[in-house]
Amino acid sequence: MTAPLAYLDHAATTPLRPEALEAMLPYLTDRFGNPSGSHAVSRVARRAVDEARDTVAECLGCEPGEVVFTSGGTESDNLALAGVQRHRGGTVVCAATEHHAVLHAVTALGGRVVAVGGDGVIDLDALAAAVGDDTAVVSVMLANNEVGTVQPLAEVAALVRRLAPGAVVHTDAVQAFAWLDVATLAAPAELVAVSAHKFGGPKGVGALVVRSGVVLDPLFHGGGQERERRSGTHNVAGIVGMAAAMRATVEGREATVARVGALRDRLADGLLAAVPGAVETGPRAGRVAGSCHLRFPGVESEALLVLLDDAGVCASAGSACASGAMEPSHVLAAMGVPRPEARSSLRLSLGPTTTDDEVDLALKVVPEAVGRLREG
Ligand code: PLP
């Protein structure tokens with residue numbers, strides 16, 4: 001594979017941070033122990049997992065004992081929703097723009113889905129009408145994976161405390177962690193999901209914060225790791241890599257948000273100016289810094305993505321899982337974007353490694369590609 005000239009799909013996944021790779025390598029080679037064992041080789045691995053747990057807890061604003069290591073965002077979301085519901089019964093509730101890891105779990109668990117406004121922000125009146133004494137979990141993501149909308153989690157949690165005091169709040173912070181101070185913003189939630197590969201860690205590892213006092217039934221039965229909450233031999237290298245990526249993300253976050261936010265603004269403003277009829281999705285102020293979501297009426301996003309790919313620009317039409325399927329995004333539908341327009345959308349997601357040159361290339365290639373497609 002020749003390297004893309006512009007990788008603008010950081011919401012799908014991010015390149016591994018050098019700090020993460022370096023931290024992981026010993027645990028992929030000579031420090032191979034199983035942390036659940038009792039001998040010297042195991043102890044080396046256990047110490048690494050314990051240290052990673054301390055780092056992850058610090059970065060997420062919780063106690064080390066409240067961190068449950070998982071295989072990623074999908075498992076963390078499912079564990080939060082199904083785990084609590086299995087333990088105590090009741091209904092699960094989520095916003096209509098949640099990632100499928102939450103939305104499909106809520107549907108499978110017979111739960112309720114709450115509307116959002118045209119700006120992608122959850123409708124608090126609709127949420128108030130959907131929760132009550134039978135509610136077990138309310139799940140509202142911190143930042144959206146397609147359009148980057150940041151949700152008012154503190155208001156959501158306050159509403160839940162008032163109207164459904166027996167319920168717990170879960171937040172999918174998978175897309176938020178790279179950009180937002182999750183330790184503070186997710187503090188009102190009892191359950192918080194993150195995934196390493198969205199912030200420069202390896203794929204296939206994540207965490208769920210389960211605040212003390214919240215009890216959930218495990219999804220897997222087995223060796224009883226993670227204090228009986230998640231059985232399965234620890235992914236030691238992955239956990240160590242996630243912790244290193246978390247630390248680096250938190251340390252650089254403020255500067256990254258400022259730098260990448262300015263790049264995103266240049267990209268969005270440039271494309272809006274260069275492409276007639278281009279529309280930006282949702283108010284930019286309420287979105288995370290790396291998110292640029294535009295619609296080009298009259299252009300099919302699948303065709304646009306092919307031309308961009310040919311020109312070395314990696315982008316996406318919606319969430320990575322949805323592209324390839326021609327169904328327009330459920331997020332845009334929930335925001336009231338008409339179907340044909342939703343099918344003309346382009347998600348350009350930036351990250352800490354994004355350069356001026358990548359943005360320059362996109363500013364040249366996207367208008368040319370849209371122009372070609374419109375000419376037919
Ligand atoms: N939640 C959100 C908001 C996501 O963007 C994603 C991945 O795209 C997930 C959950 C799933 O995470 P993972 O890929 O680690 O299973």
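On a predicted model such as this, the values are computed, not experimentally measured, just so you know. Read the numbers this way: they start at 1 and go in the same order the structure lists the ligands and their atoms.
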Does the side chain of Thr13 pick up a donor-acceptor pair with the side chain of Lys203 at under 3.5 Å? yes

Under 4.5 Å between side-chain heavy atoms, hopping through other hydrophobics if needed: is there a path connecting Val194 to Val168? no

Any side-chain heavy-atom pair of Glu75 and Arg230 under 4.5 Å: yes

Please work out whether any backbone atom (N, CA, C, O) or any side-chain heavy atom from C-beta onward of Thr74 is under 4.0 Å from ligand 1, and answer side chain, backbone, both or neither. both

Please say whether more than 12 non-hydrogen atoms of neighbouring residues, nucleotides or ligands are located less than 6.0 Å from CZ in Arg161. yes

Region of Asp77 engaging ligand 1 - heavy atom pairs below 4.0 Å: side chain

Should you measure from each heavy atom of Met141, which atoms of ligand 1 turn up under 4.0 Å away? 3 (C)

Hey, which of Thr135, Asp134, Asp133 is the one that makes side-chain hydrogen bond (donor to acceptor under 3.5 Å, both in side chains) with Thr91? Asp134

Give a yes/no verdict on whether any heavy atom in Lys198 is under 4.0 Å from an atom of ligand 1. yes

For Ser195, counting its heavy atoms only, list the atoms of ligand 1 lying under 4.0 Å from any of them. 13 (P), 15 (O)

Non-hydrogen atom of His197 closer than 4.0 Å to ligand 1: yes

Can you name the atoms of ligand 1, numbered from 1 with element, that are less than 4.0 Å from a heavy atom of Gly72? 15 (O)

Heavy-atom distances under 4.0 Å are what count here, so tell me which part of Lys203 touches ligand 1: side chain, backbone, both or neither. neither

So, Gln175 and His99: side-chain donor and acceptor under 3.5 Å apart, yes or no? no

In terms of atom number and element, which parts of ligand 1 are under 4.0 angstrom from non-hydrogen atoms of Gln175? 3 (C), 4 (C), 5 (O)

Quick check: Ala143 and ligand 1, any N/O pair under 3.5 Å apart? no

Geometric cation-pi criterion, Arg253 with Phe177: 6.0 Å, 45°: yes

